[in-house]
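Take a look at the structure below.
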Amino acid sequence: MTLRSLVCLTLLSVTSAIACTKSPPPREEATKTFVGSRACRDCHQDIFDRWQTTLMANVVRDPKQHPEAIVADFSTPNPLVTFKPEDVDFTYGTKWKQRYWKKRGDDYFVLPAQWDVRNKVWRPYHVQPGTDWWVPLYPAEQEARPTGPLCDGCHSVNYDIKTHAVTEWNVGCERCHGAGGAHVARPVKSNIVNPSRLDDVLANDVCIQCHSQGRPRANPIDGRYYDWAVGYQPGDRLSATWALEDHRLGENTFTHWPDGSAHKNRMQGNDFIQSRMYEKGVRCYACHDSHGTGRDALLRFPGNEMCLQCHGPQRQAGPGVTPEAHSHHGTNSEGNRCVACHMPQIATTIADVNVRSHTFNFVSPSMTEKYGIPNPCTSCHKDKTTRWALDALGQWSNISPWRMTR
């Protein structure tokens, strides 16, 4: 082969390679550059505007910039409240509870009273011994437990465990899509994580990273024990760095009911991975849109319409009858809501305020008798007994009596 032929062949090979590559991979340093959610706004205005109204975008707020962020009653004296609004550097939460953070040095600390939003009362805030796994590893004093290792990784973007700095507070775009520097510089699909292009396990991991109870596999990290998935980035396999809270069936613990379902909040992921939905590859975003929908829990459709997208009477996964025939309750009654029976409110978030289970299992009244797990029948019909509920279910022709008493 002549030198000229060799050069031509080499140029042809290079040209072909370039032609077959839609977009070269971004430089390593660019893929790790976080830019903040506002950098996404110009190209994704509609999504950005919807996201800004969500709890995801407003879980942590600075009351000095947003005085309306404080929802508690500071005007009525209360012995639990040893601080004033001007002492608060950040508020946390508005839906079920609101907690108050004070900055000291480069860390934040939770002040010792929290506001119960539903009941509109002050309650003490202090994580007690025998509850969360990390309690014996930190001082007993409330203001000696920093939020950095215990909270901030999920309530911010790009929390730096060495400097304690963040790219932005709240659940910003890059919390779910990964570092956006390369994508902002060159907006192509290949240089940003989109959960819809991940397999179902990796896609759900994006949500489970924060909506689960567990601990990093590498704990402690630089001498600190962390309660969030340090090192995980969207697109990674979460199980490589994060271990879900352990549980033994039959035990009633701070985190789990005896059947393994969630006993406390922040365990939607622990519940979900046990479900048939997860087993079949259903993804969290099939029901929820973290960009915002204007509906409670960021649901894509209202009420039963959400469930009937897949579980309609004529669908393979459906009950084969109308919701009313399936539930044995009237059309507009609480008992005819799919979530009333299949997502009962049994996971505690504060005092008597509970959030919904995500196993989608119906908790039979027999489980209440055997293990003390609240069931949806007597949770609604508070004046009735579990025996009454089991007898009533025994009259429903479409309900297996063996399944109810198992």
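Note that the coordinates shown come from a computational prediction; the quantities given were computed from them, not determined experimentally.
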*Verify ring-ring contact (aromatic ring centres under 6.0 Å, His included) between Y100 and W122, making sure each step is shown before the conclusion.*
CA-CA 12 Å; Y100 304 94; W122 284 102; 5.8 Å; yes
Under 3.5 Å donor-acceptor, [X] side chain and [Y] backbone:
{"X": "Y138", "Y": "Y225", "value": "yes"}
{"X": "T378", "Y": "K384", "value": "no"}
{"X": "H326", "Y": "C338", "value": "no"}
{"X": "N375", "Y": "C377", "value": "yes"}
{"X": "Q314", "Y": "G312", "value": "no"}

Taking distance alone, no hydrogens or angles, what donor-acceptor pairs closer than 3.5 Å link side-chain atoms of residues 36-44 to residues at least two apart or in another chain?
unit_1: S37; atom_1: OG; unit_2: E168; atom_2: OE1; d: 3.3
unit_1: S37; atom_1: OG; unit_2: E168; atom_2: OE2; d: 2.7
unit_1: S37; atom_1: OG; unit_2: C173; atom_2: N; d: 3.0

*Are a donor atom and an acceptor atom from the side chains of D106 and H164 found within less than 3.5 Å of each other?*
yes
_Distance alone, cut at 3.5 Å: any donor-acceptor contact between the side chains of R99 and Q114?_
yes
*Report the C-alpha distance between D116 and K120 in whole Å, list the side-chain angles of each, state the deciding distance to 0.1 Å, and finish with yes or no for salt bridge (charged side-chain N to carboxylate O under 4.0 Å, His left out).*
CA-CA 5 Å; D116 181 334; K120 293 182 170 52; over 6 Å; no
_Test: ring-ring contact (aromatic ring centres under 6.0 Å, His included). Region: residues 231-254. Which pairs qualify, not counting sequence neighbours?_
H247-H256
*Determine which pairs satisfy side chain to side chain donor-acceptor pair (under 3.5 Å) with at least one residue from residues 66-79, sequence neighbours left out, and list them in order.*
R61-H66, R61-E68, D73-S75, D73-T76
*Residues that V339 engages under side-chain contact (heavy atoms from CB on, under 4.5 Å), provided they are two or more places apart*: R337, M343, R356
_Partners passing side-chain contact (heavy atoms from CB on, under 4.5 Å) against Q213 (at least two apart in sequence or in another chain)_ = D132, D227, E245, T255, K264, R266, M267, N270
*Indicate, with yes or no, if the rings of W51 and H291 have centres closer together than 6.0 Å.*
no
_CA sep, side-chain torsions, deciding dist, call: K64, D89, salt bridge (charged side-chain N to carboxylate O under 4.0 Å, His left out)_ = CA-CA 7 Å; K64 294 176 179 61; D89 290 309; 3.4 Å; yes
*State plainly whether the residues D289 and R295 are in salt-bridge range, i.e. N to O under 4.0 Å.*
no
*Are R224 and D107 ion-paired here, with the side-chain N under 4.0 Å from a carboxylate O?*
yes
*Considering residues at least two apart in sequence or located in another chain, which fulfil the salt bridge (Lys or Arg N to Asp or Glu O under 4.0 Å) criterion with D246?*
none
*Could you grab the distance from atom CH2 of W134 to atom OH of Y226, nearest 0.5 Å is fine?*
14.0 Å
